[in-house]
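When reading the values below, keep in mind they use all heavy atoms of this one structure, side chains included, and skip hydrogens, waters and symmetry mates. The sequence lines fix the lettering, A, B, ..., with proteins before strands; numbering per chain opens at 1.
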Amino acid sequence: MEKFQTLTSTFVPLPIENVDTDQIIPARFLKATTREGFGDNLFADWRYDKAGNKISTFVLNNPTYSGAVLVAGKNFGSGSSREHAAWAVAGYGFKVVVSSFFADIFKGNALNNGVLPVVVSEGFLANLFAEVTADASTTVTVDLQAQTITDNKSGKTESFQINSYKRNCLLNGFDDIDYLLSNKDKIEAWEAKA
Amino acid sequence: MGKTLFDKIWDAHVVTAVEDGPTQLYIDRHYCHEVTSPQAFDGLRNRGLKVFRPEKTTLSPDHNIPTLNQDQPIADPVSKFQVDTLTRNAQEFDLTLYGLGHEKNGIIHVIGPENGLTQPGMTIVCGDSHTSTHGAFGAIAFGIGTSEVEMVLASQCILQPRPKTMRINFEGKLQKDVTAKDLALYMISQLTTGGATGYFVEYAGEAIRNLSMEERMTVCNLSIEMGARGGMIAPDQTTFDYVAGREFAPKAAAWDKALAYWKTLKSDADAKFDREITFNAADIQPMITYGTNPGMGMAINGTIPTVKSVDAASRISYENSLKYMGFSAGEKIEGKAIDYVFLGSCTNGRIEDFRQFAAAVKGKKKANDIIVWLVPGSWAVEKQIKAEGIDKILIEAGFELRQPGCSACLAMNEDKVPAGKYAVSTSNRNFEGRQGPGARTLLASPLVAAAAAVTGKITDPRSL
Ligand code: SF4
């Protein structure tokens with residue numbers, strides 16, 4: 001996994017609440033057997049019409065907005081446990097998703113794929129939406145080491161939570177399987193007493 | 001201080017805890033299907049790993065399979081490839097597979113309990129959010145992502161932060177014709193889809209105790225729809241009677257030992273939950289959803305909430321949702337014509353659901369111009385339907401049975417509801433496009449589905 005340290009980027013606003021995993025990656029795209037290519041179908045039903053043409057009003061098709069950060073409305077990623085949703089977000093090129101609330105499973109899946117979910121206050125979120133509408137070149141800075149996100153327009157900073165295990169994984173590009181396998185003796189000891 | 005049921009099972013499965021991080025939890029049972037596993041097996045191959053404890057993983061294809069002509073090759077090449085990939089992985093890694101055509105094949109959450117693979121006190125995971133179903137047995141069961149599927153295959157463990165605990169009590173008795181599905185839809189409508197995020201829920205109270213095992217599975221299944229990590233019910237005589245004698249249940253002395261342990265699996269009287277909520281079961285009416293998330297539910301004879309009654313920040317989403325559904329705020333939907341009915345899924349695809357549906361349509365006729373998909377959750381359910389003569393009642397009323405699988409629950413196969421059409425479905429999600437692009441889903445119980453199937457309209461089952 002790629003290391004994550006600090007990121008300053010413009011962002012793509014998606015001011016919709018309760019964006020569920022069926023919207024992030026519709027079920028018909030779950031038939032793949034590899035992790036690649038999901039980014040092309042991120043938000044497919046919002047992005048393309050039935051004939052496969054881009055829907056110009058959807059934000060990902062609007063060249064005004066770009067960047068490695070997705071800023072979404074409250075309760076992002078609810079619904080199914082499909083990791084494909086995280087692959088789609090990561091595959092599209094987002095490194096950070098900012099919202100005021102995330103569904104649990106999506107959060108875990110995102111972290112396992114090097115995408116950092118950043119929870120901010122409702123007020124901070126509303127500000128970002130307002131600022132980017134007025135000026136699409138607005139940027140945010142996400143500092144994982146310091147666990148802070150800064151709105152570079154207003155200069156406001158908030159801290160966000162992440163457990164230190166996951167933070168270290170992301171900072172160093174480690175993964176969970178390496179860790180679990182390093183505990184094989186402990187697993188066998190557990191089995192022996194069960 | 002006493003321990004909750006959740007604490008007891010969790011603590012018994014801790015292998016080690018990462019400092020200021022997640023817990024390494026041992027997993028007793030791992031279920032696997034074709035959609036969320038191929039990338040995990042690829043991961044093992046890339047690292048040159050074997051499956052650590054192959055006897056603890058069971059595989060069944062269910063999401064992508066057709067519900068007609070299962071004896072023939074799957075027509076859609078992409079679906080076929082995914083199902084074949086599961087078979088190849090089972091062979092390569094020496095895992096038990098109940099493949100297409102196997103008498104034990106079915107929706108993974110239906111066949112696990114049926115075969116006694118799901119037992120009280122276990123930790124159970126699957127790359128599928130409705131793994132919460134198995135919590136009905138007094139197990140910690142939850143959905144995981146594909147990276148975690150790979151972790152379980154590689155180490156029989158996963159890393160999990162400890163969730164908070166919540167107890168939801170249902171005091172009193174359910175009214176006649178009010179089912180476990182109504183109880184769950186009512187609860188989600190009260191708590192909203194994010195209301196239990198971060199929590200593991202224990203269901204308790206008289207109305208829960210009175211539920212059969214299958215009804216308990218329906219309730220636990222829907223835990224995830226209010227954001228909960230999972231839901232569970234303390235095992236009791238109902239649970240033990242259900243598990244006893246099933247193929248993979250413990251036998252003889254092992255049974256006695258297991259039973260003695262299972263009887264200790266309840267929350268202590270002085271156990272503290274992070275949150276506790278109580279509902280009165282008698283308040284619950286037959287429910288139906290009117291919007292595009294499972295929290296948008298109401299009594300079937302009720303009216304859709306007005307825009308004003310919705311939190312200001314959520315109004316735009318609310319209006320979009322109603323627009324998608326073709327409904328207006330403040331209106332009644334009882335009596336509206338529908339186009340499709342779907343009975344099935346891991347929520348309501350078990351034998352009791354078919355018994356209820358059949359009892360309600362017995363002696364009546366399927367409404368003209370509607371399409372009804374009756375999809376058993378497994379081949380064992382299908383066999384039981386035939387053994388009890390339920391199929392005859394259904395055929396007489398003008399219905400036909402399809403073959404088992406997830407089917408229209410997520411419409412990965414051909415069973416798709418066309419754009420703009422209304423479907424009364426016993427499944428668990430009414431998200432935009434869930435049952436096909438543009439499809440409009442109304443979630444309800446098997447009884448409401450039956451009433452819709454014979455009247456062609458949204459109908460209160462008590463008026464039949
Ligand atoms: S029936 Fe539906 S919810 Fe259940 S496992 Fe299949 S797709 Fe998922």
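Taking 4.5 Å as the limit, some side-chain heavy atom of Leu153(B) sits within range of a side-chain heavy atom of His30(B). Within the 4.5 Å cutoff, the side chain of Ile149(A) has heavy atoms near those of the Val120(A) side chain. Side chains of His134(B) and Thr131(B) form a contact here, defined as non-hydrogen atoms less than 4.5 Å apart. Residues Met412(B) and Val35(B) meet the side-chain proximity criterion, which asks for heavy atoms closer than 4.5 Å. Contact check for Phe11(A) versus Thr138(A): side-chain heavy atoms found under the 4.5 Å cut-off. Looking at heavy atoms from C-beta onward, Lys164(B) lies out of side-chain contact with Phe200(B) at the 4.5 angstrom threshold.
Chosen from Gly108(A), Gly79(A), Ala27(A), Ala189(A), the residue pairing most often with chain B at heavy-atom distances under 4.5 Å is Gly79(A). Of all the listed residues (Lys416(B), Arg53(B), Gln156(B)), the one sharing the greatest number of non-hydrogen pairs under 4.5 Å with chain A is Arg53(B). Per-residue counts of heavy-atom pairs under 4.5 Å with chain B were compared for Thr21(A), Asn18(A), Ile16(A), Asn183(A); the largest is that of Asn183(A). Most heavy-atom pairs under 4.5 Å with chain A: of the set Ser79(B), Gly227(B), Gly433(B), this distinction falls to Ser79(B). Between chain A and the residues Ile158(B), Leu410(B), Leu159(B), the largest count of heavy-atom pairs under 4.5 Å involves Leu159(B). In terms of heavy-atom pairs under 4.5 Å with chain A, the best-connected choice from Gly436(B), Pro38(B), Gly21(B), Ser147(B) is Ser147(B). For chain B, the option among Gly73(A), Ala85(A), Ser78(A), Ala32(A) with the highest count of heavy-atom pairs below 4.5 Å is Ala32(A). Chain B forms the most heavy-atom pairs under 4.5 Å with one residue out of Trp87(A), Phe102(A), Phe106(A), and that residue is Trp87(A). Contact count versus chain B (heavy atoms, under 4.5 Å) is highest, among Leu180(A), Asn109(A), Asn112(A), for Leu180(A).
Between Tyr26(B) and His13(B), the ring center distance fails the sub-6.0 Å criterion.
Neither the backbone nor the side chain of Val83(B) comes within less than 4.5 Å of any heavy atom in chain A. If you measure heavy-atom distances from Thr36(B) to chain A, the contacts under 4.5 Å come from both the backbone and the side chain. Residue contact with chain B, scored on non-hydrogen atoms closer than 4.5 Å, involves the side chain of Leu181(A) exclusively. Both the backbone and the side chain of Glu17(A) come within less than 4.5 Å of a heavy atom of chain B. No part of Asp185(A) comes within reach of chain B, as not one of its non-hydrogen atoms sits under 4.5 angstrom from that chain. For Ile144(B), the part lying under 4.5 angstrom from a heavy atom of chain A is the backbone only. Proximity to chain A (any heavy atom under 4.5 Å) is restricted, for Phe52(B), to the side chain, taken from C-beta onward. When heavy atoms are compared at a cutoff of 4.5 Å, Glu36(A) does not approach chain B at all. The contact between Ile224(B) and chain A is made entirely by side chain atoms (from C-beta outward), counting heavy-atom distances below 4.5 Å. For Ile105(A), the part sitting under 4.5 Å from any heavy atom of chain B is the side chain, from C-beta outward, and nothing else. Proximity to chain A (any heavy atom under 4.5 Å) is shown, for Ala313(B), by both the backbone and the side chain. Using a 4.5 Å cut-off between heavy atoms, Lys107(A) makes no contact with chain B at all. Residue Asn320(B): no heavy atom, backbone or side chain, is found under 4.5 Å from chain A. Residue contact with chain A, scored on non-hydrogen atoms closer than 4.5 Å, is absent for His63(B). In this structure, chain A has heavy atoms under 4.5 Å from both the backbone and the side chain of Thr197(B). Only the side chain of Glu191(A) comes within contact range of chain B, with at least one heavy atom under 4.5 Å from a heavy atom of that chain. Only the side chain of Arg429(B) comes within contact range of chain A, with heavy atoms under 4.5 Å apart. Proximity to chain A (any heavy atom under 4.5 Å) is shown, for Ser314(B), by both the backbone and the side chain.
Using a cut-off of 4.0 Å between Lys/Arg side-chain N and Asp/Glu carboxylate O, Arg35(A) and Glu150(B) are scored as salt-bridged. Under the 4.0 Å criterion applied to side-chain N and carboxylate O atoms, Glu34(B) and Lys31(A) are not assigned as salt-bridge partners. With respect to Asp151(A) and Lys156(A), no salt bridge is recorded, no charged nitrogen being found less than 4.0 Å from a carboxylate O. Between Asp178(A) and Arg47(B), at least one side-chain N (NZ, or NE/NH1/NH2) sits under 4.0 Å from a carboxylate O, which counts as a salt bridge.
Remark: the backbone N or O of Val149(B) is not paired with any side-chain donor or acceptor of Thr146(B) at under 3.5 angstrom.
Counting heavy atoms of neighbouring residues, nucleotides and ligands inside a 6.0 Å radius, atom NZ of Lys56(B) exceeds 12 of them.
Identified by a heavy-atom distance below 4.5 Å to chain B, the contributing residues of residues 165-177 of chain A are Tyr165(A), Asp175(A), Asp176(A), Ile177(A), in residue-number order.
For the residue pair Gln23(A) and Asp20(A), a side-chain donor N or O sits within less than 3.5 Å of a side-chain acceptor on the partner. There is no side-chain donor-acceptor pair under 3.5 Å between Ser223(B) and Ser132(B). Residues Asp143(A) and Thr148(A) bring no donor and acceptor atom of their side chains to less than 3.5 Å of each other. A donor-acceptor contact closer than 3.5 angstrom links the side chains of Thr441(B) and Gln435(B). For the residue pair Asp128(B)/His109(B), the side-chain donor-acceptor check at 3.5 Å is satisfied.
With sequence neighbours excluded, the residues forming a side-chain hydrogen bond (donor to acceptor under 3.5 Å, both in side chains) with Thr123(B) are Asp28(B), listed by chain and number.
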